[in-house]
Amino acid sequence: MEALALLLGATLNAGTVIAIAALGLLINERSGIVNLGAEGMMLVAAIAGFATSVNTGSDWLGFAAGAGAGAAMAFAFGVLVIWLNTNQYATGLALSLFGVGFSAFAGVPYTQQKLSERPQFAIPYLSDVPLLGPALFKQHPLVYFTVLLTLALMWFLYRSRAGLVLRAVGESPSSAHALGYPVRQIRLAAVMAGGALCGLAGAYISLVYTPLWVEGMIAGKGWIALALTTFATWRPARVLAGAYLFGGVTMLQFHLQGQGVQVPSQFLTMLPYLATIVVLVLISRNANFIRANMPASIGKPFFPGS
Amino acid sequence: MLKLEARPQPSRVMSIASPVLALIITIVIGTVLFAALGKDPLGGMYLLFVEPVRTPYALSELALKATPLLLIALGLSMCFRSNVWNIGAEGQFIIGAICAGGVAMQAGPDTGRWIVVPVLLAAVLGGMLWAAIAALLRDRFNASEILVTLMLVYVADMFLSYLVYGPWKDPAGYNFPQTISFLPSTQTPRLFMGLRVDVGALIALVLVGAFWLLIFRTYAGFQLQVGGLAPAAARYAGFSSRRMLWTALLMSGAMAGLAGGLEAAGPLGQLTPTVPAGYGFAAIIVAFVGRLHPVGAIFSAVLMSMFYIGGELAQSRLGVPKALTGVFQGLLLFTLLACDTLVHYRLGWRHARTRASHAIGTVAVVKSKEA
C-alpha cells in the first residue's frame with residue numbers, strides 16, 4: 001500500500017508535466033495551428049528556468065523565465081506561420097531543432113550546477129492523512145494549478161465568449177474573418193499562450209520534476225504532449241486524464257525497477273513511447289471520431305483577402 | 001506598410017536565392033553571436049568555412065560527415081515531396097547501424113571481403129523495417145506518421161543501449177558499453193590511402209543520380225509529386241495514396257538505414273551508445289535547404305557537414321561549446337523558411353495597391369490556377 005501511494009504521488013507529479021504542455025498545445029491547436037516545436041520550446045524553457053533559479057535563487061522567477069522563453073519562441077513561430085504563411089510542420093520542426101541546439105549551447109555552463117535547497121510543500125492537516133495524505137497533498141503548487149487550469153480552460157472554451165471566438169477561428173478562419181474578428185492576432189495570441197504553457201512545463205521539469213539541467217532532458221515529453229492533444233480529441237478534461245495515465249506509465253517503470261523486476265531497464269524506459277504509439281493507434285483507428293472533434297482548419301494556412 | 005502579395009507563379013529565381021539569403025542571415029547572426037561571446041568573429045567564420053576545405057585530410061573528413069547527411073536527405077526529400085512526414089530518420093539510422101553490426105559480428109577470421117555487401121543490405125532492410133512500422137500504422141489505423149516515426153527514435157535508441165550494455169557487450173571491453181571492434185574484412189573499403197573517406201561517398205553520389213531519375217523521370221515519381229502538391233488531383237487521376245505512403249516511407253527508411261550501416265561498418269567500426277549523432281534530424285534541414293532536390297542536397301549536405309566540423313574546431317580552438325552547431329543548423333532552417341515566403345509572395349506597399357491592380361492580380365491568380 002505504501003508503495004502504491006508513493007506511485008500515485010509520483011504519477012501526479014509526472015502527469016503534471018505533460019498536462020501543462022498539452023493544455024497549452026490544446027489552446028494553440030484550437031485556433032487551427034499545430035506547433036511541432038513543443039519539444040524545443042520546453043528545452044529552452046527548462047534551461048531558462050534553471051539558469052534563472054540558479055542565479056536569483058527564486059523558483060518563481062524561474063517559472064516566469066521559462067514561460068517567457070516559451071512564449072518568445074512561439075512568437076517567432078507564430079509570425080512565420082501566420083504572417084509569412086510558412087508550412088506549419090516544417091516551421092515547428094525548425095523550432096524544435098533550434099531549441100535542441102540552443103538549449104544545449106546555453107546550458108553548457110549549467111550542467112554541473114545545483115539548485116538551492118528544494119522547498120517542501122504541504123497542505124496543513126490534509127497532508128497528515130495516512131497513505132493518501134502525503135501522495136495527494138504534499139505536491140508542488142503547480143500540480144494543483146494544473147487541475148484549476150483544466151477547469152478554467154473548460155469554462156473558457158465552452159462557456160465564454162472569447163472561447164467561442166477562439167473555436168470559431170479554428171473551425172473556419174474565413175467566417176471569423178468575415179465577422180470582423182482579427183483572425184491572425186487571435187491565432188498569434190493562442191500560439192503564444194501555448195508557448196508560455198509549454199515553457200512553464202519545461203521549467204517545471206528542470207526545477208521540480210528532475211531538479212537539474214541535462215542536455216536533452218525533455219526526452220520526448222513535448223512530442224508526447226502533442227500526441228496527447230490528439231488522443232484527448234482537443235478536450236481539456238480528457239487531456240488531464242490522459243496526462244495522468246502517461247504519468248502513471250512513466251512512473252510504473254521506476255516502480256517496477258525498484259521492485260527488482262527482471263526486465264532490462266531499457267525496455268522499461270521504452271514504455272511511455274510505446275504506450276504513446278499504442279494509444280495513438282487505438283484512437284486514430286476511428287477516423288470519424290478524430291475528425292468530429294478536430295478543429296476543422298488545423299494545419300491549414302489562412303491568408304485573409306485571398 | 002509592407003504587405004505580401006501573391007505571385008502569379010512561384011519565382012524560380014527566389015527558390016534558388018532563398019537558401020543563399022538564409023545562409024547569409026545565419027552567418028550574420030553567427031558573427032554577432034561570436035562577438036557576444038567575446039570571440040573573434042572572423043576567426044570563427046574561418047574555422048567554419050575555410051578550415052574544412054584546406055587540406056586533403058580536412059576534405060576527406062568533410063565528405064565523411066556529408067555522406068550520411070546526403071543519403072538520409074535524399075530519402076527525406078522524396079518523402080517530403082509526397083507530403084509524408086518521416087521525421088524519425090534518426091531511429092531508422094540507429095536500426096540500420098544495429099543490423100549492420102549484427103551481421104558484421106558474424107564474420108570470422110577467414111571471411112572474405114564479400115561480407116560488406118550483406119552488412120549493408122542488412123542495414124537497408126533494418127531501416128526499411130523500422131519505417132514500415134510507421135507506414136503500416138498509418139495505412140491500417142490512420143496513426144500520424146510524424147508521431148510514430150518520432151516515438152520509434154526513442155525506442156531504437158533504448159534498444160541500442162540495451163544491446164551494448166547487455167547481450168552484445170564486448171566481454172574484453174573493460175565493461176565499457178560497446179560491442180567488439182568489427183573485423184577489418186567487414187570495413188567498408190576506403191577510397192584513398194590514409195584518408196577515412198570511404199566508398200559510402202561514392203554510393204551517395206550514385207544514389208543522387210538514381211533519385212533524380214526516380215523523382216523527375218519516372219511515372220512513380222510523378223505520381224508522388226502530384227500526390228504531395230495536390231492530393232485531390234492525385235485522387236482524381238486514380239493515383240494510389242497508399243502506395244505513395246509506403247513507397248515514401250520505405251525508401252526514406254532504406255536510405256537512413258544504409259547511412260547507419262555505412263557509419264557502423266565505416267568510421268565507427270563498432271557499436272556504442274553514441275551511434276546516434278543526430279544525422280537523422282540534421283538531414284531534415286539538409287533536405288529543405290537543398291530544395292527537396294537530389295542535386296541541391298549535395299550542396300546542403302556539404303554545408304551542414306561544415307557546420308559540424310566547424311563546431312568541433314571552434315570547441316577545441318576557441319573554447320566555444322560544440323553545441324553551437326545545433327544553433328546554426330536550427331537557425332538556418334528557420335531563416336530559410338522565412339525567406340521561402342518570397343518564392344510565393346512578393347513584397348509590396350499597401351497604399352500603392354489600387355482596386356484595379358487588385359482585380360488584375362486576382363485574375364492572374366485565377367488564370368494561373370486554371371492553367
Side-chain angles (χ1 to χ4, degrees), chain A residues 34 36 39-40 76-77 79-81 83-87 89-109 215 219-220 223-224 226-227 230 264-270 272-287 290 303 305-306, chain B residues 4 6 33 80 83 85 87 133-134 137-138 140-144 146-148 150-163 165-167 278 281-282 284-285 288 320-342 344-345 358 362 365:
Chain A
V34 182
L36 293 186
E39 182 84 5
F77 167 85
V79 168
L80 251 67
V81 161
W83 273 273
L84 300 183
N85 280 354
T86 59
N87 181 306
Y89 293 151
T91 313
L93 267 177
L95 198 66
S96 267
L97 293 171
F98 173 76
V100 171
F102 186 76
S103 61
F105 177 68
V108 170
E215 198 182 314
W223 296 105
I224 292 180
L226 269 168
T230 312
S265 66
Q266 288 91 354
F267 287 106
L268 295 172
T269 311
M270 280 180 200
Y273 308 112
L274 289 175
T276 306
I277 297 179
V278 170
V279 181
L280 190 66
V281 164
L282 288 178
I283 304 263
S284 311
R285 204 168 41 149
N286 188 346
I290 292 281
F303 196 58
S306 63
Chain B
L4 291 176
L33 205 62
F80 295 158
N83 213 9
W85 293 85
I87 56 173
I133 301 173
L137 297 182
R138 172 87 219 203
R140 289 275 293 119
F141 305 109
N142 193 35
S144 158
I146 298 181
L147 293 169
V148 174
L150 202 96
M151 289 295 132
L152 287 176
V153 175
Y154 295 98
V155 175
D157 195 10
M158 282 300 126
F159 187 58
L160 171 70
S161 164
Y162 160 72
L163 288 175
Y165 278 96
F281 293 113
I284 297 173
I285 306 174
F288 277 110
V320 179
K322 197 169 73 173
L324 192 66
T325 304
V327 180
F328 272 93
Q329 292 176 343
L331 266 178
L332 182 64
L333 181 55
F334 214 73
T335 46
L336 173 80
L337 291 166
C339 293
D340 269 357
T341 306
L342 294 173
H344 297 281
Y345 300 93
H358 185 192
T362 313
V365 169

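What you see below is based on every heavy atom in this structure, not just the backbone, and it leaves out hydrogens, waters and symmetry mates. Lettering of chains follows the sequences in order, A, B, ..., and the numbering in each one begins at 1.
In plain terms, the two heavy atoms of A/Gln266 and B/Ser161 that are nearest each other are NE2-OG, 3.2 Å. Residues A/Ile224 and B/Met151 approach most closely at CG1-CE, 3.7 Å, considering heavy atoms. Among all heavy-atom pairs drawn from A/Leu97 and B/Phe281, the shortest one is CD2-CB, 3.6 Å. Nearest heavy-atom pair across A/Ala90 and B/Phe288 is CB-CZ, 3.8 Å.
Taking CD1 of B/Ile284 as the start and OH of A/Tyr89 as the end, the distance is 14.5 Å to the nearest 0.5 Å. To the nearest 0.5 Å, atoms OH (B/Tyr162) and CE (A/Met270) are separated by 9.5 Å. To the nearest 0.5 Å, the span separating CZ on A/Phe105 from NZ on B/Lys322 amounts to 14.0 Å. Here B/Leu337 contributes atom CG and A/Leu93 contributes atom CG; the two are 9.5 Å apart, rounded to the nearest 0.5 Å.
In terms of heavy-atom pairs under 4.5 angstrom with chain B, the leader among A/Leu84, A/Val81, A/Val79, A/Asn87 is A/Leu84. Comparing B/Leu336, B/Leu137, B/Leu324, B/Val153 by how many heavy-atom pairs each has under 4.5 Å with chain A, the most go to B/Leu324. When each of A/Leu95, A/Leu226, A/Val281, A/Leu274 is checked for heavy-atom pairs under 4.5 Å with chain B, A/Val281 comes out on top. Taking chain B as the reference chain and counting heavy-atom pairs below 4.5 Å, the highest number among A/Phe77, A/Trp83, A/Phe102, A/Trp223 is found for A/Trp223. Ranked by heavy-atom pairs shorter than 4.5 Å toward chain A, the options B/Gly330, B/Ala134, B/Gly278 are led by B/Gly330. Chosen from B/Leu332, B/Leu333, B/Thr325, the residue pairing most often with chain A at heavy-atom distances under 4.5 Å is B/Leu333.
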Kindly indicate, with the supporting measurements, whether the criterion side-chain contact (heavy atoms from CB on, under 4.5 Å) is fulfilled by B/Leu147 and A/Thr276.
CA-CA 9 Å; B/Leu147 293 169; A/Thr276 306; 5.7 Å; no
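At a 4.5 Å heavy-atom cutoff, the contact between B/Asn142 and chain A is made by backbone and side-chain atoms alike. In this structure, chain B has heavy atoms under 4.5 Å from both the backbone and the side chain of A/Thr91. B/Phe334 touches chain A through backbone and side chain together, each having a heavy atom under 4.5 Å away. Contacts of A/Asn286 with chain B are absent, with no heavy-atom separation under 4.5 Å from either backbone or side chain. Proximity to chain B (any heavy atom under 4.5 Å) is shown, for A/Val100, by neither the backbone nor the side chain. Both the backbone and the side chain of A/Ala76 come within contact range of chain B, judged by heavy atoms closer than 4.5 Å. Using a 4.5 Å cut-off between heavy atoms, B/Phe328 makes no contact with chain A at all. The part of B/Leu150 that comes within reach of chain A is its side chain, from C-beta onward, which places non-hydrogen atoms under 4.5 angstrom from that chain. Heavy atoms of B/Ile87 lying under 4.5 Å from chain A belong exclusively to its side chain.
Looking only at side-chain heavy atoms (C-beta outward), B/Thr341 and A/Thr86 come within less than 4.5 Å of each other.
Judged by distance alone, with hydrogens and angles left aside, the side-chain atoms of B/Tyr154 form a donor-acceptor pair with the main-chain N or O of A/Gly220 at under 3.5 Å.
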